[in-house]
S.K.: 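For reference, the structure I am asking about is given below.
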Amino acid sequence: MRPGRLQGKTVLITAAAQGMGRACALACAAEGARVIATDIDAPHLASLVQECSSIQTELLDVRDGAAVQALAARTSALDVLFNCAGIVVNGSAVDCTEADWDRSFDINVKSMFRMCQAFLPGMLLHAKASHGSVCIINMASMASSIKGFANRCAYGATKAAVIGLTKSIAADFVKQGLRCNALCPGTVDTPSLRGRIASAADPVQAEKDFVARQPIGRLATVDDITPLVIYLASDESQFVTGQALLVDGGVTI
Ligand code: NAD
């Protein structure tokens with residue numbers, strides 16, 4: 001049996017109970033990583049452990065700075081931090097509320113700053129001691145940050161900010177063995193996307209519209225996304241940092 005591509009690495013993932021975070025937790029474990037899957041959703045974290053018993057889970061709300069610090073204090077140094085948590089709120093610059101704007105920035109951007117601030121010092125010491133490469137992967141998006149879409153003012157602003165945060169971390173720590181990249185998926189079939197479709201005035205048309213905007217002609221599945229996360233988490237990508245990598249079904253051709 002070949003050794004896993006993440007053998008010996010410790011990977012922590014936020015928002016890992018469902019969707020892309022969950023799929024990546026399973027994929028990282030399958031590649032030999034020790035995985036710490038965090039989320040606010042206890043039942044789905046429990047079902048993740050049922051699916052893969054080697055995965056360790058932690059309840060973590062990424063909005064809770066004290067809880068983030070406490071988790072960092074009791075966790076051995078990470079090789080990979082995957083900041084996946086994020087939400088979508090609707091609205092243009094005219095009708096997005098200030099509360100929705102603030103909530104979006106708190107969960108989508110400030111949470112990543114909190115996680116990085118808490119975990120980076122340990123990761124840098126680990127990189128120095130092991131003369132190895134440690135890395136951060138931040139979940140951005142193709143939608144509304146790389147390419148504009150209607151009705152996604154706050155979402156687009158947050159995901160563009162994630163790319164800026166990613167490049168700044170990459171620049172600050174490139175000499176210390178820490179890489180930082182952002183992932184920009186197109187429209188991925190996950191529970192949150194299903195929720196957006198179900199809450200549309202015409203769900204059937206909403207799904208057709210989501211599919212139609214991707215020239216490849218279908219939604220992405222989580223399995224379209226996990227290979228890039230494995231690549232970015234592994235040493236195969238050790239010459240790659242500060243990038244915003246698109247997996248978007250041809251939207252940005
Ligand atoms: P999902 O809805 O399937 O799962 C989201 C998970 O986030 C849930 O398990 C939920 O409990 C958790 N969560 C919500 N608030 C949290 C908090 N405060 N702290 C910790 N966990 C929390 O998610 P998804 O569609 O796979 O999206 C994951 C990420 O990918 C998000 O950042 C999203 O913006 C981004 N993204 C999604 C798509 C898409 O089309 N689905 C496309 C591009 C980017």
Side-chain angles (χ1 to χ4, degrees), residues 12-27 36-49 51 55 57-68 71 81-90 102-115 118 137-147 149 152 154-163 165-166 182-199 206-207 209-211 213-214 216 218-226 228-229 244-249 251-252:
L12 187 145
I13 305 176
T14 66
Q18 290 208 98
M20 285 181 270
R22 182 187 183 100
C24 290
L26 291 166
I36 306 168
T38 74
D39 203 289
I40 49 175
D41 181 340
H44 280 102
L45 281 180
S47 77
L48 179 61
V49 176
E51 202 173 335
I55 294 179
T57 60
E58 296 277 352
L59 272 178
L60 180 71
D61 186 334
V62 292
R63 296 169 296 184
D64 183 343
V68 167
L71 180 60
L81 168 62
F82 179 19
N83 289 311
C84 185
I87 55 162
V88 179
V89 301
N90 294 333
D102 289 345
R103 191 163 61 96
S104 298
F105 268 86
D106 193 21
I107 296 182
N108 294 7
V109 189
K110 196 171 175 188
S111 71
M112 293 190 183
F113 167 69
R114 282 188 198 105
M115 291 293 294
I137 303 167
N138 291 328
M139 182 59 92
S141 178
M142 167 279 294
S144 306
S145 52
I146 306 282
K147 179 175 170 60
F149 282 108
R152 291 282 189 273
Y155 184 73
T158 62
K159 294 301 189 181
V162 168
I163 295 172
L165 173 68
T166 299
L183 188 60
C184 303
T187 310
V188 188
D189 198 348
T190 64
S192 72
L193 180 77
R194 286 289 150 196
R196 286 192 286 287
I197 290 171
S199 64
E207 179 161 358
D209 291 344
F210 276 124
V211 170
R213 75 185 191 185
Q214 307 194 117
I216 277 183
R218 65 169 174 84
L219 300 173
T221 71
V222 293
D223 298 330
D224 291 312
I225 308 303
T226 52
L228 183 55
V229 171
L245 293 118
L246 283 151
V247 189
D248 70 354
V251 178
T252 51

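Each ligand, and each atom within it, is numbered from 1 in the order the structure gives.
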S.K.: Assess whether a salt bridge exists between K110 and D102, defined as any Lys/Arg side-chain N lying under 4.0 Å from an Asp/Glu carboxylate O.
M.R.: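 Looking at D102 together with K110, the answer is no, because their closest N to O distance does not fall below 4.0 Å.
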S.K.: Does I146 form a side chain to side chain contact (heavy atoms under 4.5 Å, CB included) with I163? I'd like the steps, not just the answer.
M.R.: CA-CA 10 Å; I146 306 282; I163 295 172; 3.8 Å; yes
S.K.: What does the list of residues with a heavy atom under 4.0 Å from ligand 1 look like, ordered by chain and number?
M.R.: A15, A17, Q18, G19, M20, D39, I40, D41, L60, D61, V62, R63, C84, A85, G86, M139, A140, S141, Y155, K159, P185, G186, T187, V188, T190, P191, S192, R196
S.K.: Under the side chain to side chain contact (heavy atoms under 4.5 Å, CB included) criterion, do V62 and R114 qualify, and how do the steps go?
M.R.: CA-CA 8 Å; V62 292; R114 282 188 198 105; 5.5 Å; no
S.K.: The criterion is side chain to side chain contact (heavy atoms under 4.5 Å, CB included); which residues satisfy it with R103, sequence neighbours excluded?
M.R.: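 Partners of R103 by the side chain to side chain contact (heavy atoms under 4.5 Å, CB included) criterion, ordered by chain and then number, come out as I87, V89, D100, I107.
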S.K.: So, S47 versus R22: side-chain donor-acceptor pair below 3.5 Å or not?
M.R.: yes
S.K.: Which atom names give the shortest non-hydrogen contact between P191 and Q18, and what distance separates them?
M.R.: CG-OE1, 3.3 Å
